[in-house]
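Right, one structure below, let's go through it.
By convention in this document, chain letters (A, B, ...) are assigned in the order of the sequence lines, proteins followed by strands, and residues within each chain are numbered from 1. As a basis for the values below, the full set of heavy atoms in this structure was taken, side chains included, without hydrogen atoms, waters or symmetry mates.
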Amino acid sequence: MNLQSESVVSIKDLRMNYGENQVLKGINLEIQGGQIIGYIGPNGAGKSTTVKILLGILEGFRGEVKVFGEDISSGSIEYKRRIGYVPETAEMYDSLTAQEYLTFIGEIYGLNFETVDRKASRLMALFGIGEVYTARISSFSKGMKQKVLIIASLLHNPDILFFDEPLSGLDANSVMIFKEIITELAAQGKTIFYSSHIMEVVEKISDRIILINGGQIVADGTFSELQEKCSEGSLEDIFNQLTGFKQYKEIAGEFISVLQEG
Amino acid sequence: MKNFFILRLLDKVSPIINSFGIDYPMMRKILQIKLVMDERRVPTIMMNGNNSKAKNSFRSSLFLYAFIGLFIGVFLFTGFPLFLKMNIIIGMLIFMIMTTMISDFSSVLLDVNDKNVLLPRPVDAKTLNAAKLIHIVIYLFSITMAISGGSLILGLIRYGFWFLLVFLLEIALICGLVILFTSLLYYAILTVFSGEKLKDIINYFQIALTVFMTVAYQFIGRIFNVSNLNMKFTPHWWDFLLPSTWFSAPFSLLMEHTFSLYYILLSLVGIIVPIITFTLYVKVVAPRFERNLQKLNSSGSSSKNQIKKTSLRQAACNLICFHPLEKVFFRFTVRMLSNERKLKLKLYPQLALAAIIPLIFFLSFFENDKLSSETFTQITQGKYYLYMYFSIAFLPPLFSMISTSENYKGAWIYKALPVENPAMVLKGAFKGFLYKFIIPIYLFISLVFLAIFGFKIVADLALIFINMLILMLIIFRFSNKELPFYKDFQYTKNGNNVGIVLASMGLCGLLAAIHYGIAFVSFGIAINIGASLVITSILWHSSFHISWEDIAEDAQ
């Protein structure tokens, strides 16, 4: 199977409301395999909503969403076997030990216990937290929990990965390992959906950047394409320009002056 | 990982579970993980310590239930008709199951953490839902068996083997009905509402249902005319509305062979209603429940209740709090108490019960369904306003509940903030609780009593209020000094509070007795008010000498 040319994610006119509030106002997206997609946008722009719809956590959307050519509203859960997900908030069963949690997740994907156990303990060791493999997750620091979540998302060797702020809490060394891992995974033909607020990282690792604002895609292309279009230097500047935000200096100044008031 | 007995039991019936379209091996794994986690409900601070605490508290509450159950069972040996006895036993069962279902297991049913961990993975909604249900069933069934254990054994002795068999069947039916019925109601609410409002509605619904159960239970005995120990029983159409009658009727049919149409119809209702509920659940709710649950995650619009400077609360705060820090914690407590849904769920039914209890006692005067003006004058002329002490006994122990919170992790602020004197925190919290809950309930009951007894009891009401303060202060003084909202709910399981409640009742009885006696002396009430005021002020000034060392630190 040639993942490079297969359209792994196809979204057509995706709309979503929370009550009166329209969160997604017609998203259209075609994603081919083997790419790292930087998915950025201001808070509340609809990034997480899109990802949650793709994962089948959120329902009640309008439009067509296909993953591996399969319509996800058909109720089939098979496509989920090929997806990995690191959520933004570290939600997991943290009264379990890392071993229990990871083997549980692996078994849900249909791997047998011995395989997952062996893989998980080696991955933990490689991330430098091998010695807490049998300790409870609730005693972990934020970065350690994040590593467990990353491992949990990769155990079953998925074809698409959704990373929502995956670096939060990781130390600089682990960040380097992680970036190297996702570059290598993309080279193997896997699709990586990378959502973050840290523009420097997105700028460096993404093959394609999608900027979403107010429930719509406002920019879509490689970093150099965006640079050309906006004639700005860094992704941060492009972000500011496209989201129509310029007055950060004024706001910061006012913030300080409020602090100094009696 | 531990292979639980109950899982091995489930393995035996796995073909049945599979036949519902549920992925049994998957469900078993989820269930196993859930059971492991239940065994470990330990606070993160004491990770290395013993992990048997939580389990023990469930076990000890089971012993408590079994003990209560034994007393209920003894009731089977009385001379009352079987139908009455079974009504009371089954009514009690339904009440206990329903209330624990709502207060302790709703969180399992409405858990959204599950979704984020499991739904991105190949688990279908039906299987997840089944795992949740069976998880709840395991606990509810052990509680039910503990409560009904006494009745089962004593019934076996008194009525023989058939009683045991019918009762076991009925228990299974009741358990299933309660769980599925609650899920149906939640499903309806989840479908209609959304956002923050949904959470509020669920909270109100839970509170209302608990209050309703509490009151409805008081009426089970009233389907009979208990006069002069001569039991007469006449069927009413509204007997069909009390579920306890559905499940009691088969006993009259099968044990006493009373084949009247009334019992046959009731028994049929008792079979048909669970079947309807089950069908509705499988066909409508189970496939969609998880989907709608997602609504609980969506953030709603910002709330409108902004802090206002000129509110009644602000005025009260300025009136009863003196130190600035005390004022801060007064406001903090009042605001927290109005926003903490889980705490409200625990508190409101108790508050409602406190308000209703004297009225229930009054009801017992009106027998044979007729309100005679004779009995009414008999009540108003007597000293029955002292029944208000029944309410007063219920209120003070509730204060200890404000140490719990669902956001207990935010309690680090106590450590981080420059609070020199923890007494100010506790004083503020104490007064906040008084203002938010105790005084409104007191005023409500007072109004009802004034309506019944007239203005001649104003002085008595004042004395009752002061005595209530004495009670609250004494209980506060002798219980652990705990910061408000600092620990998780699971550490306040049943049992710990029983001592305090009993002490409160005893003390309250004493104060009531003094009140009753002194009313015969001229100016007695005035003297009593004076004495009580002095005691209150002494207690107030001596109870708050608290330093950080006195604060109960750990969350065990």
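Here CD1 of A:Ile105 is found 8.0 Å from CD1 of B:Ile33. Values are rounded to the nearest 0.5 Å. The CD1 atom of A:Ile108 sits 10.0 Å away from atom CG of B:Asp23, with the distance rounded to the nearest 0.5 Å. Rounding to the nearest 0.5 angstrom, the gap separating the CD atom in A:Glu100 from the CD atom in B:Gln32 is 9.0 Å. Rounded to the nearest 0.5 angstrom, A:Phe104 CZ and B:Ile30 CD1 are separated by 5.0 Å.
Within a 6.0 Å radius of CD in A:Glu64, more than 12 heavy atoms belonging to other residues, nucleotides or ligands are found. The 12-atom threshold is not exceeded at OH of B:Tyr204, counting heavy atoms of other residues, nucleotides or ligands nearer than 6.0 Å. By the 6.0 Å contact criterion, NZ on A:Lys145 is enclosed, its count of non-hydrogen atoms from other residues, nucleotides or ligands being greater than 12.
The contact between A:Ala152 and chain B is made by backbone and side chain atoms together, counting heavy-atom distances below 4.5 Å. Contacts between A:Thr97 and chain B at a heavy-atom distance below 4.5 Å involve backbone atoms as well as side-chain atoms.
Evaluation of the ring-ring contact (aromatic ring centres under 6.0 Å, His included) rule for A:Tyr79 yields no partner, not counting sequence neighbours. Scored by the ring-ring contact (aromatic ring centres under 6.0 Å, His included) test, A:Tyr109 finds A:His156 as partners (sequence neighbours excluded).
Proximity to chain A at a heavy-atom threshold of 4.5 Å picks out B:Val117, B:Leu118, B:Leu119, B:Pro120, B:Arg121, B:Pro122, B:Val123, B:Asp124 from residues 117-124 of chain B, in numerical order.
Sorted by first and then second residue, the pairs that involve residues 68-78 of chain A and meet salt bridge (Lys or Arg N to Asp or Glu O under 4.0 Å), not counting sequence neighbours, are A:Glu78-A:Arg81.
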